Amino acid sequence: MVSRRGFLTGLALAPVAYAAGCSIRSSTPRATRPLPIPPLAPSTVGADGVRRFTLRAQAGITEMVRGRQTPTWGYSGSVLGPTVRARRAEQVAFTITNDLPEPTSVHWHGMHLPAKYDGGPHQMIAPGAVWAPEWTIQQQAATLWYHPHPHGATEKHVHRGLSGFFLIDDEAGDALDLPKDYGVDDIPLVIQDRRFTAIGTLDESDITDVGLLGDTIITNGIAGAHLSVGTERVRLRILNGSSGRLYNLAFDDRRTFQLIATDGGLLPKPAALEQVQLSPGERVEVVVTLSAGENVTLRSLPITDRRGIDRAAEFGFDDTLDILTLRATDRVRPSAALPAALVPMRALAAASTPPTRAFDLQWFMINNQRMDMNRIDMTIPVDTTEVWTVRNRDNWPHNFHVHDVQFQILAVDGNPPPPALSGWKDTIYTTPETVYTLAMHFADHTDPTYPYMYHCHLLHHEDQGMMGQFLVLAPGQHPAPMPMDTTAQPGMGHH
Ligand code: C2O
Ligand code: CU
Ligand code: CU
């Protein structure tokens with residue numbers, strides 16, 4: 001007689017066939033594994049009150065697909081990184097060692113912090129070197145993330161596995177009765193797509209016009225994951241950590257879920273949705289309700305918003321992909337009902353405010369220019385609120401990410417934004433020929449030397465130069481950038 005365990009083992013050892021072709025239908029192996037939960041990064045708080053973390057960028061081997069040993073890169077582990085967690089008003093400090101064979105950097109995506117610690121292409125860490133940024137957390141509770149930002153090589157570094165979550169807590173968030181037991185009913189979920197070569201290495205060939213597009217979904221570092229849920233409600237903090245793929249997330253039975261947060265933190269109130277789209281770099285927090293014993297699959301459906309996109313199939317817009325199966329246990333612990341109100345948001349500007357600047361996205365350019373490490377594209381006076389309009393003038397998908405700030409979306413083609421765009425954001429998907437009006441406040445952190453970046457977060461586009469730089473200046477301060485030898489930058493040779 002074959003035991004259940006033996007049966008499962010047999011299944012796991014059988015070769016798994018992956019669907020290929022232009023329209024991918026589910027690539028989930030039949031035998032799933034439990035979703036890995038990134039460990040919380042250890043930290044120490046000294047007498048000075050500073051919370052100190054240590055991270056090491058390193059190479060390793062990961063069983064991303066069961067039975068295959070894949071060389072990967074990770075922070076303090078073989079792939080991804082530990083979840084960094086700190087509180088608003090807390091001072092944090094990092095000791096980051098680069099044990100990789102090439103220069104990298106660590107950028108704190110979504111964080112408001114001094115430009116010299118932003119971890120962009122001006123803060124490279126040489127192999128064997130250590131970088132020690134520190135700053136005070138000055139923003140509301142949110143799901144942020146950290147990842148490399150070496151100019152011309154960001155896609156490669158992230159694709160090999162370097163990215164981690166950075167969770168900020170605050171009193172307003174603590175006071176709300178939301179699922180908040182990390183790894184139990186509060187789950188970080190990074191969604192990535194990968195292709196593997198016949199010998200099981202990550203396939204870095206065949207870069208499409210949206211970058212590396214995979215046929216295998218990897219959640220928290222592995223393919224074919226499931227999550228056992230022992231509570232009535234579960235909160236998923238979802239990050240699109242892919243190079244160029246968009247996800248249109250829904251559950252297989254189309255149940256509604258509650259959207260509670262976007263990139264920069266909790267919404268004013270939960271919004272009931274059946275689908276939510278995430279472009280690379282964007283995050284959402286959703287709460288889904290489960291009944292005892294049920295199985296429900298989080299899935300990415302074909303992208304419905306494809307206005308102005310010319311080769312939707314080639315960009316993965318037709319694909320249906322299973323992301324994660326949620327399996328409720330036979331008994332689930334009751335959860336509190338969701339609060340009707342979350343965190344209020346005061347409007348930074350009226351929708352009718354005339355724009356300060358306009359950005360056109362096309363090919364690998366922003367406003368007809370490709371990134372130059374030695375060119376400051378704009379300077380912004382400190383303590384100002386600016387209104388930016390952003391337009392995708394292309395027939396490719398693009399998005400728009402701004403460092404240093406979280407922005408509000410005042411309008412989409414002059415109309416009020418839908419729920420998924422009505423909270424704090426640092427990255428926004430741009431449908432072709434649609435005008436997005438954003439408002440943001442540049443509160444402090446002036447620096448005449450180190451710029452912040454703004455760019456398309458499709459990593460191949462960013463690497464190809466779809467990025468610009470700005471300085472935040474104090475009154476009377478003049479730009480004094482540090483000349484960079486850009487020929488020494490990794491990946492800069494392949495333009
Ligand atoms: Cu997540 Cu400038 O990047
Ligand atoms: Cu960023
Ligand atoms: Cu782009």
Side-chain angles (χ1 to χ4, degrees), residues 81 104-115 117-124 133 139 142-155 157-159 162-166 190 192 207-213 239-246 263-264 278-283 308-311 315-316 359-367 369-371 373 377 390-407 424-432 436 440 450-470:
T104 190
S105 79
V106 181
H107 166 59
W108 318 98
H109 180 127
M111 189 75 70
H112 173 58
L113 82 172
Y117 297 138
D118 192 40
H122 294 271
Q123 285 91 36
M124 297 302 292
Q139 65 198 88
T143 301
L144 311 183
W145 64 301
Y146 59 97
H147 65 78
H149 216 300
H151 187 41
T154 295
E155 179 174 46
H157 287 214
V158 174
H159 189 260
L162 292 166
S163 40
F165 282 93
F166 197 131
V190 51
Q192 299 173 310
I207 299 192
T208 72
D209 283 339
V210 295
L212 291 166
L213 213 53
L239 158 65
N240 180 348
S242 302
S243 282
R245 188 182 275 284
L246 270 58
D263 303 336
L278 279 188
S279 69
E282 289 184 291
R283 287 88 65 212
I309 300 292
D310 66 347
R311 287 170 290 148
F315 300 148
F359 299 85
D360 279 349
L361 313 180
Q362 193 166 31
W363 192 58
F364 297 133
M365 301 182 298
I366 299 177
N367 290 343
Q369 281 188 305
R370 285 168 86 171
M371 168 81 162
M373 295 272 291
D377 295 277
V390 183
R391 197 166 41 154
N392 176 356
R393 309 211 55 167
D394 219 335
N395 45 18
W396 289 357
H398 294 295
N399 68 11
F400 191 73
H401 168 53
V402 188
H403 287 208
D404 180 42
V405 290
Q406 292 289 333
F407 51 75
W424 292 105
K425 297 278 293 166
D426 55 52
T427 307
I428 184 173
Y429 180 68
T430 57
T431 295
Y436 297 85
M440 62 205 87
Y450 292 104
Y452 294 105
M453 308 293 129
Y454 57 96
H455 57 90
C456 177
H457 216 288
L458 275 69
L459 300 179
H460 175 59
H461 295 183
E462 174 186 338
D463 283 343
Q464 289 296 314
M466 202 168 182
M467 176 154 66
Q469 322 191 85
F470 66 94

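Everything quoted here is computed from the prediction, not taken from an experiment. For ligands, and for the atoms within them, numbers begin at 1 and follow the listed sequence.
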- Query: Nearest to the Cu ion (ligand 3), which N, O or S atom of H398 do we find?
  - Reply: ND1
- Task: Please find the N/O/S atom of H109 nearest to atom 1 (Cu) of ligand 1 and write down its name.
- Result: ND1
- Quick one: do D426 and Q406 satisfy side chain to side chain donor-acceptor pair (under 3.5 Å)? Show the steps, please. CA-CA 5 Å; D426 55 52; Q406 292 289 333; 2.9 Å; yes
- Output yes if H457 passes the N/O/S-under-2.8 Å test against atom 2 (Cu) of ligand 1; output no otherwise. no
- Given side chain to side chain contact (heavy atoms under 4.5 Å, CB included), test W396 with H461 step by step and report yes or no. CA-CA 11 Å; W396 289 357; H461 295 183; 3.7 Å; yes
- Query: Any N/O/S of H457 under 2.8 Å from the Cu ion (ligand 3)?
  - Reply: no
- Message: Under 2.8 Å from atom 2 (Cu) of ligand 1, can any N, O or S atom of H455 be found?
- Response: yes
- Task: Establish, yes or no, whether a centroid distance under 6.0 Å links the rings of H460 and F364.
- Result: yes
- Quick check: does H149 put an N/O/S atom under 2.8 Å from atom 1 (Cu) of ligand 1? no
- Please lay out, stage by stage, how H147 and S163 fare under the test side chain to side chain donor-acceptor pair (under 3.5 Å). CA-CA 4 Å; H147 65 78; S163 40; over 6 Å; no
- Message: At less than 2.8 Å, would any N/O/S atom of H107, backbone or side chain, sit next to atom 1 (Cu) of ligand 1?
- Response: no
- Message: Quick one, H457 and S279 - any side-chain contact, counting heavy atoms below 4.5 Å?
- Response: no
- Check: H403 ring centroid to H455 ring centroid under 6.0 Å: yes
- For the residue pair F359 and F400, is the inter-centroid distance of their aromatic rings smaller than 6.0 Å? yes
- Query: What is the name of the N/O/S atom in H461 that sits closest to the Cu ion (ligand 3)?
  - Reply: ND1
- Query: Taking just the N, O or S atoms of H403, which one is nearest to atom 2 (Cu) of ligand 1?
  - Reply: NE2
